[in-house]
Amino acid sequence: MHAVGTSRQPGAPAVRTAVVWDVLRAALADRVAVTGRDRLDIVDAGGGTGGFAVPLAALGHAVTVVDPSPDSLAALERRAAEAGVGVRALQGDAADLGELLPAGGTDLVLCHSVLEYVEDPADSLAAMARLLREGGMVSVLAANPLAAALHRSVSGRFDEALKVLGDPEGRWGDRDPTPRRFTRESLVRLLGASGLRPGEVHGVRVFADLVPSRLLDGEPGAAGALIALEQAAAEHPVLRDIASQLHILGHR
């Protein structure tokens, strides 16, 4: 098992997820120190094909993925087998968590790109909170409306960018594939209403979605330099709030 307190993770950290991994590694290391258990119980709600679940299992943790898509779960199992790790796969929605898993038995729940799509974000987050042991955490990663406005404007869609800023769900129109987006303030309120203590908010993909891929592919060291820039911008009081996604831990 790799030491969860180090900067290592299986494979090089992707530009788009490096900031989230930084936060998770530190949180898991703290949890291991507090509990004295090297093997933590982790649930990935809507974890799909295992982009987070498989690396966490490779670190030695017991990981369960709950996802409504049988195709995604099949891909997860193939991915886990290729990595030589075991991941438990359960088919279900976020609303089913209380029926699928016992209350008070989980150290960390991942809720990444889920609250945008569920029928009731508050109910889903409350269901995740009930899974946690005392001192457990929910990791929330959600789309940010300010970034949507920025990205629509740089594409020349100024009317849609303006609509994002005035829409309570942060949407740019009826064809917007994302049902809702969350500001830093709305995420903090949502966690508090679910009985969780909100931690610090980090910006994810502040620059990564604005940089042409050809610059990363053609310049040696560019990916590492962009990761360093993303890490520095993640806590910047201005840049954080225009990131494509916002990440926050809720503590029980």
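Note that the coordinates shown come from a computational prediction; the quantities given were computed from them, not determined experimentally.
- Between the side chains of Asp22 and Gln231, at least one donor-acceptor pair of N or O atoms lies under 3.5 Å.
- A salt bridge between Arg205 and Asp209 is present, with a side-chain N of the basic residue lying under 4.0 Å from a carboxylate O of the acidic one.
- At least one donor-acceptor pair closer than 3.5 Å links the side chain of His61 to the backbone N or O of Leu40.
- Other residues, nucleotides and ligands contribute only 12 or fewer heavy atoms inside 6.0 Å of the CD atom of Glu119.
- A salt bridge links Asp176 to Arg181: at least one charged side-chain nitrogen sits closer than 4.0 Å to a carboxylate oxygen.
- Leu56 and Leu131 are assigned to two separate hydrophobic clusters, defined by single-linkage of ILVMFWY side chains at heavy-atom distances under 4.5 Å.
- For the pair Asp159 and Arg152, the salt-bridge criterion is not met [side-chain N within less than 4.0 Å of a carboxylate O].
- Side-chain N or O atoms of Arg79 include none that pairs as donor or acceptor with a backbone N or O of Ala74 at under 3.5 Å.
- Between the side chains of Gln91 and Ser69, no donor N or O sits under 3.5 Å from an acceptor N or O.
- A distance-only check finds a donor-acceptor pair linking the side chain of Thr35 to the backbone of Arg37 [under 3.5 Å].
- Formation of a donor-acceptor pair under 3.5 Å by the Thr183 side chain with backbone atoms of Ser186 is found in this model.
- The pair Arg175-Glu160 counts as a salt bridge, with a side-chain nitrogen and a carboxylate oxygen less than 4.0 angstrom apart.
- Looking only at side-chain heavy atoms (C-beta outward), Leu141 and Leu115 stay at 4.5 Å or farther from each other.
- Using a distance-only test at 3.5 Å, with no hydrogens or angles considered, no donor-acceptor pair links the side chain of Glu230 to the main chain of Arg16.
- Residue Val65 is tested with Leu73, Thr49, Leu110 for a side-chain contact (heavy atoms from CB on, under 4.5 Å); the sole match is Leu73.
- Exactly one of Leu132, Leu249, Leu190, Ile248 qualifies for a side-chain contact (heavy atoms from CB on, under 4.5 Å) with Leu196. That residue is Leu132.
- Grouping the Ile, Leu, Val, Met, Phe, Trp and Tyr side chains by contacts below 4.5 angstrom, directly or via other members, places Leu215 with Phe207.
- Classification of the His112-Phe52 ring pair by plane angle, with boundaries at 30° and 60°, yields perpendicular.
- Proximity of a side-chain donor or acceptor of Asp120 to a complementary backbone N or O of Ala122 within less than 3.5 Å is detected.
- Residue Asn144 holds its CG atom at 10.5 Å from CZ of Arg240, rounded to the nearest 0.5 Å.
- Gln245 places no side-chain N or O within 3.5 Å of a backbone atom of Gly203 that could act as its donor or acceptor partner.
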